[in-house]
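See below for the structure under consideration.
The figures here come from the full heavy-atom set of this structure, side chains too, leaving out hydrogens, waters and symmetry mates. Quick note: residue numbers are just sequence positions, from 1. Because the structure is a prediction, the values reported are computed rather than measured.
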Amino acid sequence: MAKFNVMSLFGVNVDFAYFNIYEIIDALGLRKEILRTLRVANLIKKHGKKHHIVSIVMRQVALAELKPTLNGELLPYDSSFQDIKVTRTDYERQYEAQEKLILLCYSLAHGKSVTSVKRLKGDEFSKIAREFRAKGKSLYDYFRSILNDNTRDYVLSYKAGELGGDSVEREAKEVSGEKTKKVVEVKKAIAPTPFGKEITTAVELMSQGVEFITSQVKNVFNGASLDLSGLRAYCQKLSDSYDRNPNALLAVRYVQNTEDYIAQHSVACAILACHLAKALQLESKYVNVIAIGALVFDLGRFKLPTPLTQKSGKFTDAEFQLMRKHLQFGEIILSAGNNIPKVIYQMLWEHHERIDGTGYPHGKIDNEISVYGKIGAIVDAYDSLTSEQAHRAPLTPTDALKKMRSEAGLAFDEKLMALFINSIGAVPVGSCVELSNGRIAFVLTLNNKRQPSLVRQVYSISSKSFISAVDLALDKNGDVRIVKVVLPSSYNLHFVDHVA
């Protein structure tokens with residue numbers, strides 16, 4: 001085995017934004033050595049390259065390959081070192097290369113991206129490591145102990161046979177309808193309803209949902225049981241409304257305000273989950289339970305301190321860690337119910353997991369995440385990005401979809417993300433648009449090609465004033481087209497004032 005040359009890292013860009021073990025071993029120049037080891041090769045053959053246990057073992061092997069270098073000589077910590085010089089002395093080149101090695105080892109040990117390591121450890125990230133080695137201690141043992149602490153529970157569960165990619169993959173195929181027997185449901189047909197009529201029902205459903213889940217959380221924290229039957233009945237109402245007119249239910253998602261954000265976000269996620277489940281052509285029992293899961297996966301946020309949930313600035317690391325505890329609080333709420341389906345727990349615990357392993361709480365990767373968790377991640381992110389919050393202005397639906405599309409395969413499941421984007425349309429219902437006739441309008445309905453059909457004109461750009469609402473069927477009027485999607489706040493517009 002050739003000794004790793006730390007100077008090979010000089011000049012190499014290691015500022016990876018996502019944790020990807022293959023990027024790291026490429027930067028280290030160790031891909032061939034690691035993939036050829038018997039342990040790694042056998043696990044890849046059994047589970048494929050994306051399984052979390054494969055990533056963990058590769059991280060173990062990578063540190064082993066670096067052991068001679070880690071236990072060799074390191075330059076002492078230099079607080080004056082700056083990573084902005086164009087030309088460097090031999091000392092500075094060596095110091096920079098060692099800095100990058102330490103960063104990559106922290107990344108391997110924690111399973112976090114290099115940019116995350118920098119954010120967590122600060123500017124003096126290498127100080128502990130360099131001083132640790134200066135005392136004659138094994139730096140390999142230091143990083144390996146961190147890796148062990150972060151992965152021990154997962155490895156033990158894997159060895160006990162409690163984990164495995166095959167079962168999760170089968171579940172995903174089963175729920176998505178892939179390679180399964182077609183099930184014919186006997187269901188009473190629901191007659192379509194015009195948008196103008198169904199929107200009244202949808203608005204009322206939003207109001208009922210906010211009131212219902214707020215009272216449920218309050219009751220649970222006062223010692224009462226979670227009303228699962230009530231949750232089922234409510235989500236069935238959402239499903240029925242969707243079947244009568246999907247545009248109305250998707251539009252009502254924009255009837256929100258920052259004061260009741262958590263409750264409204266929960267209902268909105270249930271609506272989006274219902275939409276995505278139906279786009280997957282799932283049976284009604286799956287649609288219902290997925291909608292319930294989306295309705296409750298963020299209810300633990302009610303338990304967080306109000307100053308935190310309504311903070312307008314950036315979270316500190318401590319505040320972010322506290323925010324993560326909404327998952328534990330959410331489990332407390334679910335545990336107050338009887339016979340809660342496993343699916344709902346999966347959506348609670350997995351809607352912040354990410355395909356590349358950078359999510360939380362367990363850093364699961366790709367097919368370790370259930371299809372339910374993947375659905376939860378998409379609807380949670382989309383509603384969060386397009387909603388006004390205390391700490392962040394919303395994105396337009398188009399910009400939100402563009403951002404999420406760029407993260408498909410990293411944060412979100414590629415196939416589910418593609419289906420979501422296709423089903424919701426490039427300019428989704430609720431979008432605020434500038435028209436070629438100089439007016440601002442809201443998109444109310446889409447046609448069968450998922451393109452804007454009916455829009456409601458509410459503002460004149462030329463006179464800079466509100467106008468009486470005038471509906472326009474774009475697909476029947478070739479003279480007017482959408483120029484661009486805009487933020488309603490740019491014109492002091494609020495969807496809720498014009499939807500009903």
Show me the pairs that pass salt bridge (charged side-chain N to carboxylate O under 4.0 Å, His left out) and involve residues 336-353, at least two apart or across chains. Glu350-Lys364
I need the minimum non-hydrogen distance between Ala381 and Met404, along with the two atoms involved. CB-CE, 3.9 Å
Check ion pair Lys325-Glu331 (N to O, under 4.0 angstrom): no
Polar side-chain atom of Ser107 near backbone of Lys112 as donor-acceptor pair, under 3.5 Å: yes
Give a yes or no on whether a salt bridge exists between Asp78 and Arg130, defined as a side-chain N under 4.0 angstrom from a carboxylate O. no
Main-chain N/O of Thr89 paired with Glu92 side-chain donor or acceptor, under 3.5 Å: yes
Could you check whether Asp366 pairs with Lys374 (Lys NZ or Arg NE/NH1/NH2 to Asp/Glu carboxylate O, under 4.0 Å)? yes
Using atom types as modelled and distance alone, determine if a side-chain donor or acceptor of Glu65 lies under 3.5 Å from a backbone N or O of Phe4. no
So, for His326 and His352, is the gap between ring centers shorter than 6.0 Å? yes
Side chain to side chain contact (heavy atoms under 4.5 Å, CB included) against Pro305, all qualifying residues, sequence neighbours excluded: Pro307, Leu308, Leu322
Pairwise side-chain contact, Val267 with Tyr234, heavy-atom cut-off 4.5 Å (strictly under): yes
Under 3.5 Å donor-acceptor pairs involving side-chain atoms of residues 421-429, not counting sequence neighbours:
residue	atom	partner	partner atom	Å
Ser423	OG	His275	NE2	2.9
Ser423	OG	Leu419	O	3.0
Ser423	OG	Phe420	O	3.0

Using a distance-only test with no angle check, is there a side-chain donor-acceptor pair under 3.5 angstrom linking Asp298 and Ser266? no
Tyr142 ring center within less than 6.0 Å of Phe132 ring center: yes
Using a strict 4.0 Å threshold on nitrogen-to-oxygen distance, state whether Asp90 and Arg93 make a salt bridge. yes
Taking atom types as modelled and ignoring hydrogens, do the side chains of His265 and Asp260 form a donor-acceptor contact shorter than 3.5 angstrom? no
Which class fits the ring pair Tyr95 and Tyr91: parallel under 30°, tilted 30 to 60°, perpendicular over 60°? tilted
Check whether the side chains of Lys278 and Ser239 place a donor and an acceptor atom closer than 3.5 Å, and report yes or no. yes
NZ (Lys303) with more than 12 external heavy atoms under 6.0 Å: no
Less than 4.0 angstrom from a charged side-chain N to a carboxylate O is my criterion; do Glu131 and Lys135 meet it? no
Indicate whether the side chain of Arg59 and that of Thr151 have a donor and an acceptor atom separated by less than 3.5 Å. no
